[in-house]
Amino acid sequence: MSVAYFDHAASTPVRDEVLEAMMPFFRDCYANPTGAHRMARDSRRAIDEARDVLAAGLATEPTGIVFCGSGTEADNLAIFGAAAAGGGRVVCSAAEHHAVLRPVERLGGSVVETDSNGVIDTGALRDALGEDVALVSVMMANNETGVISPLDEIAEVVRTHAPQALFHTDAVQGFPWLDVAEAARLVDLISLSAHKFGGPKGVGVLAVRGGARLRAQIIGGGQEMGLRSGTQNTAGIVGMGKAAEIVLAERDSAVERVRVLRDQLADGLAATVPGVVETAVTPSSGGCTDRSAKVAGSCHLCFEGVESEEMLFLIEREGVYASAASSCASGAEDPSHTLAAMGWPRALARGSLRLSLGYPTTLADVDRVLATLPEAVAQLRRAAGQAAA
Ligand code: PLP
């Protein structure tokens, strides 16, 4: 059975052009890029070409592009690196990805509450700031709900109430959809991950703007301007560069195409499933009446009276792959920390579903969900009703 893949926020397929660009660096040009001979110089040049693409896409000098092993590593380097260099407190929002939240918790930093859409509360942020703050981290778009943070307003609060602090944004979910170069001008540090936009897994970037001071967390041979030692993943970096080049060339048209499909999907489900709540859109979720607060690829919904895991099981049988924002690694039945931060009732949060679209998504994929999900929800509600009777 063919698959209708709606889990692009978790990972995307590697684009054909990306794979093609990477192959020579496995087969022919495999030298260590720090070497002195010609093959090493060719590897180094390919890395620097990718560095230039990322630099343009993130409004950062090429010397500020630090390639590393994942979005998680980029986030860790920003937070631990700033705390070690600046010796101060770190601050983030309660809805951050765990790659930000866990480092902040380990450092005993401040976790600031959010509003009902999962956006950091700027009043609470102001109260959490002060002269002792080394770094503030606020994500560009949330990985579960797709809700976009108003980084301009948040940057103003940070610059006013903690002017010495570095401002970091995790743009891992933003890059395929938003003008990150524009937003980059507001921040000192930006994290990206290649596998979220058609590149390979295991490659990330931390962009360090304006000479922001960080202390390296992985030390050794001094690669990547001394901020991330370890032999560079030449093929992976080349793949990230190629994927970024395609995103930058095609973003506007891709966003428009995917936005139409996402709206058809969300409108179709709203019309066929009673009592569906669309995060940050349905007025009862505290949202507005359009989807402008969310990235184009995100359709995040909650279905009352249904368990996410059961819903996922039923739609997977029909070839639809999605994810439950409410699941957690231990299998415990707690709602996600993002939905908890948003103050969602537990019963609703337990029926959450993240349908994330990406550059390959088609109308046939959308139709497949519309032909599958309403019946799955109805079936589960009937079963729950019978069990209760
Ligand atoms: N930050 C956000 C917002 C993410 O969505 C993810 C991945 O899901 C990460 C960081 C981690 O990226 P990686 O998978 O490259 O470690």
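Note that ligands are numbered from 1 as they come in the structure, with each ligand's atoms numbered from 1 the same way.
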Query raised in the report: Between Val203, Asp170, Asn142, which one has a non-hydrogen atom sitting closest to atom 10 (C) of ligand 1?
Result: Asp170
[atom]: the protein heavy-atom neighbour that sits closest, reported with distance to 0.1 Å:
atom: atom 15 (O) of ligand 1; answer: Ser193 OG, 2.6 Å
atom: atom 4 (C) of ligand 1; answer: His97 CD2, 3.2 Å
atom: atom 13 (P) of ligand 1; answer: Gly71 N, 3.6 Å

Query raised in the report: Hey, is Asp75 touching ligand 1 through its side chain, its backbone, both or neither, going by heavy atoms under 4.0 Å?
Result: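 Near ligand 1, Asp75 shows its side chain, while the N, CA, C and O stay back.
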Report summary line: Contact region, Thr72 to ligand 1, non-hydrogen atoms below 4.0 Å, reads both
Query raised in the report: What is the ring orientation for His337 with His98, classed by angle as parallel under 30°, tilted 30 to 60°, or perpendicular over 60°?
Result: tilted
Report task. Look at the side chain of Arg381 and the backbone N and O of Glu304, then say whether any donor-acceptor pair between them is shorter than 3.5 Å. Result -> yes
Query raised in the report: At a 4.0 Å cut-off, with the gap strictly under it, does some heavy atom of His195 reach an atom of ligand 1?
Result: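 Heavy atoms of His195 do come under 4.0 Å of ligand 1.
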Query raised in the report: Should Lys196 be listed as contacting ligand 1, given a heavy-atom distance under 4.0 Å as the test?
Result: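 The answer is yes: ligand 1 sits under 4.0 Å from a heavy atom of Lys196.
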Report task. Go through the side-chain N and O atoms of Glu131 and Gln164 and say whether any donor and acceptor fall under 3.5 Å apart. Result -> no
Query raised in the report: Which atoms of ligand 1 are found less than 4.0 Å from any heavy atom of Ser70?
Result: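 Answer for ligand 1: 15 (O), 16 (O).
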Query - Interfacing atoms of ligand 1 (cut-off 4.0 Å, heavy-atom, Gln173) - result: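 Result: 3 (C), 4 (C), 5 (O).
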Query raised in the report: Quick one: salt bridge (Lys or Arg N to Asp or Glu O under 4.0 Å) pairs with a partner in residues 54-79, sequence neighbours left out?
Result: Glu73-Arg228
Query raised in the report: Do the side chains of Val369 and Ile315 get nearer than 4.5 Å, heavy atoms only?
Result: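 Sidechains of Val369 and Ile315: no contact.
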Query raised in the report: Is Ile237 close to Phe25 at the side-chain level, that is, under 4.5 Å between some pair of heavy atoms?
Result: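 In short, these two side chains do not touch, never coming nearer than 4.5 Å.
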Query raised in the report: Can you list the residues that meet the ring-ring contact (aromatic ring centres under 6.0 Å, His included) rule with Phe6, with sequence neighbours excluded?
Result: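 ring-ring contact (aromatic ring centres under 6.0 Å, His included) check on Phe6 returns nothing, list empty.
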